[in-house]
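Notes follow once the structure below has been shown.
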Amino acid sequence: MYDVVVIGAGPSGATAAEDLARSGKRVAMLDRDGRIKPCGGAVPPRLIEDFDIPDSQIVAKIDTARMISPTQRRVDIPIENGFVGMVDREHFDEFLRVRAKDAGAHRYTGTFLRIERNAGGTKVVFRDKISGNTQELETKLVIGADGARSKVAQQEVPGGDKIPYVIAYHEIIEAPGQVGEYDPKRCDVIYDGAISPDFYGWVFPHGKSASVGMGTGIDGIDLKEATAALRSASGLADCKTIRKEGAPIPLRPMDRWDNGSDVVLAGDAAGVVAPSSGEGIYYAMVGGRVAATAAAACLESGRVKDLQLARKLFMREHKGVFKVLGAMQNAYYRSDERRERFVSLCHDIDVQRLTFEAYMNKRLVKARPLAHLKIGLKNLAHLTRLVSETRV
C-alpha cells in the first residue's frame with residue numbers, strides 16, 4: 001500500500017515524488033519510457049535555487065533575448081543581473097527521476113490505464129513496459145502529473161477534458177558556433193504570423209545543440225514547414241537533426257485541481273503553463289511541490305478538503321503573473337499588426353528591465369511605480385494606435 005502514487009514523472013511528477021519521499025511517505029511514480037516533451041528548455045535562476053539544480057544540468061546560460069517582429073524588426077534585450085538557464089529535457093527529466101528514486105520513491109515504467117476503487121481502496125492500473133502485463137498499485141492518494149490532455153484529469157476531475165491548448169513542435173539540432181542569425185548566447189523569439197498566427201516561434205541555444213520550434217492552436221498549420229523556415233532564416237538549415245518532438249501545451253490553469261476524494265493534479269495536467277510565454281518547467285515543478293504539500297496535509301489530517309491546498313498555494317503566489325501574461329497574450333497575439341506593436345513596445349528600457357526581473361524572480365515587480373505607470377500608458381497608446389508602430 002502506497003501513501004501516494006504519482007502518475008507522470010516529468011519535472012512536476014518527479015518533484016512531487018521526491019518531496020513526498022523525503023518527508024517519509026511511501027511513494028510510487030509511474031512514467032512512460034522514452035518520452036521527451038518538446039520544450040525550449042529555459043529555466044530561471046529562481047528554479048535553479050529553489051529546486052537545488054546542479055550546474056551540470058545547465059547546458060547554457062543566456063545573457064540576451066531577441067524579439068523579432070513580422071516585419072523583421074529586431075529588439076535585443078540584455079538580461080541584467082542574471083541569466084536565462086537552459087536545460088535539455090532528455091537529460092534534465094531523467095536527472096529529476098533518478099533523484100526522486102534516490103530519495104526513496106519506487107519507480108515504475110509503463111502506461112497508465114485507469115483508477116479503480118472498491119472496498120479495499122484505490123488502485124492505479126497500468127500496463128508494465130517490460131512484461132506487457134496489466135499491474136495494479138494500491139494507494140491512498142493519486143497525483144496526476146501526466147501532462148496536457150491528462151488521462152487522470154479527463155477521468156477524475158471536472159473540466160479535465162476541456163483544457164485549451166496549443167500544439168508545440170521543435171527540432172533539436174547540432175548547433176554550430178555563431179553563424180548567420182544564430183548566436184549561441186542569445187534566445188530568439190519570433191512573433192510572426194507567417195511562423196505562428198497565434199503564438200510564436202523560437203530558437204534557443206542548448207550549448208552543443210539548439211531547440212528550434214513553434215506553437216499554434218490553429219488547425220491546418222504545418223508545424224514542420226514553419227520550423228524549417230525558422231531554421232533557414234537563422235542559418236541552421238544544414239545542421240544535423242538530433243530528434244523531433246511534438247506535444248500539446250495548455251493555455252490556462254484549471255478551475256479545479258482535485259476530485260474531492262483521492263486525486264490532485266499537478267503541472268501541465270492542471271494547466272499551469274504561463275500564458276503568452278508558454279513557460280512551463282518552473283511552474284510544473286512548483287505545481288509538483290504544492291501537490292505534494294496538499295497530499296501530505298491530507299494524509300496527516302484525513303481531510304480530503306486539504307487537497308484543495310495545491311491550487312490555493314499556487315494561485316496565491318502566481319495568479320497575478322498569470323493574469324498579466326494572459327491579458328498580454330489576448331491583447332497582442334491577435335494579428336501581425338498587434339505583434340508588431342508589441343515588439344515595438346519592447347524597445348522601452350523599463351519594459352525590458354521589469355520583464356526580466358519578473359522572469360528571474362517569478363513575481364511582479366512592485367518597487368518602481370513610475371516605471372509601471374509609464375509602461376501602462378505606452379501599452380494603452382499602442383493598443384489604441386495613438387503611436388505609430390515604427391516609433392521606438
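For Arg149 and Tyr165, the positive end sits near the middle of the six-membered ring, less than 6.0 Å away and at most 45° from its axis. Taking the ring centre of Tyr2 as origin, the terminal cationic atom of Arg26 falls inside the region bounded by 6.0 Å and 45° from the ring axis.
Leu236 and Ile172 sit in two unconnected hydrophobic clusters of ILVMFWY residues. Membership requires side-chain heavy atoms under 4.5 Å apart, directly or through other members.
Proximity of Ile62 to Phe204: side-chain heavy atoms (C-beta onward) are nowhere separated by under 4.5 Å. Contact check for Arg22 versus Glu18: side-chain heavy atoms found under the 4.5 Å cut-off.
Taking the six-membered ring for Trp, Tyr332 and Tyr200 have ring centres at least 6.0 Å apart.
Ring-plane geometry between Phe342 and Tyr191 is classed as perpendicular, the angle between the planes exceeding 60 degrees on a 0 to 90 degree scale with a lower cut at 30. Taking the six-membered ring where the residue is Trp, Phe314 and Phe322 present perpendicular rings, their angle passing 60° and hence far from 30°.
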Do Ser301 and Asp306 pass the side-chain hydrogen bond (donor to acceptor under 3.5 Å, both in side chains) test, and can you show the C-alpha distance, the side-chain angles, and the key distance before you say yes or no? CA-CA 8 Å; Ser301 69; Asp306 285 346; 2.5 Å; yes
side-chain hydrogen bond (donor to acceptor under 3.5 Å, both in side chains) evaluation trace for Ser209 with Glu174: CA-CA 4 Å; Ser209 63; Glu174 287 186 358; over 6 Å; no
Pair Asp198-Arg339, salt bridge (Lys or Arg N to Asp or Glu O under 4.0 Å): steps then yes or no: CA-CA 10 Å; Asp198 59 329; Arg339 282 185 279 268; over 6 Å; no
Between Tyr169 and Thr227, does a side-chain hydrogen bond (donor to acceptor under 3.5 Å, both in side chains) hold up when you go through it step by step? CA-CA 8 Å; Tyr169 172 81; Thr227 301; 5.8 Å; no
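Here the shortest heavy-atom pairing between Val264 and Ala310 reads CG2-CB, 3.8 Å. For the pair Cys298 and Arg303, the tightest heavy-atom approach, listed with the atom from each and the gap, is SG-O, 3.5 Å.
Partner of Lys37 under the salt bridge (Lys or Arg N to Asp or Glu O under 4.0 Å) criterion, chosen from Asp93, Asp146, Asp268: Asp268.
Side-chain atoms of Thr122 and Glu138 form no donor-acceptor pair, as typed in the model, at a separation below 3.5 Å.
One finds a salt bridge joining Asp88 and Arg243 here, because a Lys/Arg side-chain nitrogen approaches an Asp/Glu carboxylate oxygen to under 4.0 Å. Salt bridge status for Glu181 with Arg74: present, with a side-chain N to carboxylate O gap under 4.0 Å.
By the ring-ring contact (aromatic ring centres under 6.0 Å, His included) test, Tyr108 pairs with Phe126, sequence neighbours left out.
Residue pairs meeting the salt bridge (Lys or Arg N to Asp or Glu O under 4.0 Å) criterion with at least one member in residues 210-233, sequence neighbours excluded: Glu171-Arg231. Residue pairs that meet the salt bridge (Lys or Arg N to Asp or Glu O under 4.0 Å) test with at least one member in residues 106-118, sequence neighbours left out, are Glu94-Arg107, Arg114-Glu116, Arg117-Glu156, Arg117-Asp262.
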Can you list, pair by pair, the side-chain donor-acceptor contacts under 3.5 Å of residues 50-60, counting residues two or more places apart and other chains?
unit_1: Asp50; atom_1: OD2; unit_2: Arg46; atom_2: NE; d: 2.9
unit_1: Asp55; atom_1: OD1; unit_2: Lys61; atom_2: NZ; d: 3.4

Which atom pairs, one a donor and one an acceptor, fall under 3.5 Å between side chains of residues 247-256 and the rest of the protein, sequence neighbours left out?
unit_1: Arg256; atom_1: NE; unit_2: Asp258; atom_2: O; d: 2.8

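In the hydrophobic clustering, Val125 connects to Leu113, either directly or through intervening members, whenever side-chain heavy atoms lie under 4.5 Å apart.
The backbone N or O of Tyr182 lies less than 3.5 Å from no partner atom in the side chain of Arg186, so there is not a single donor-acceptor pair.
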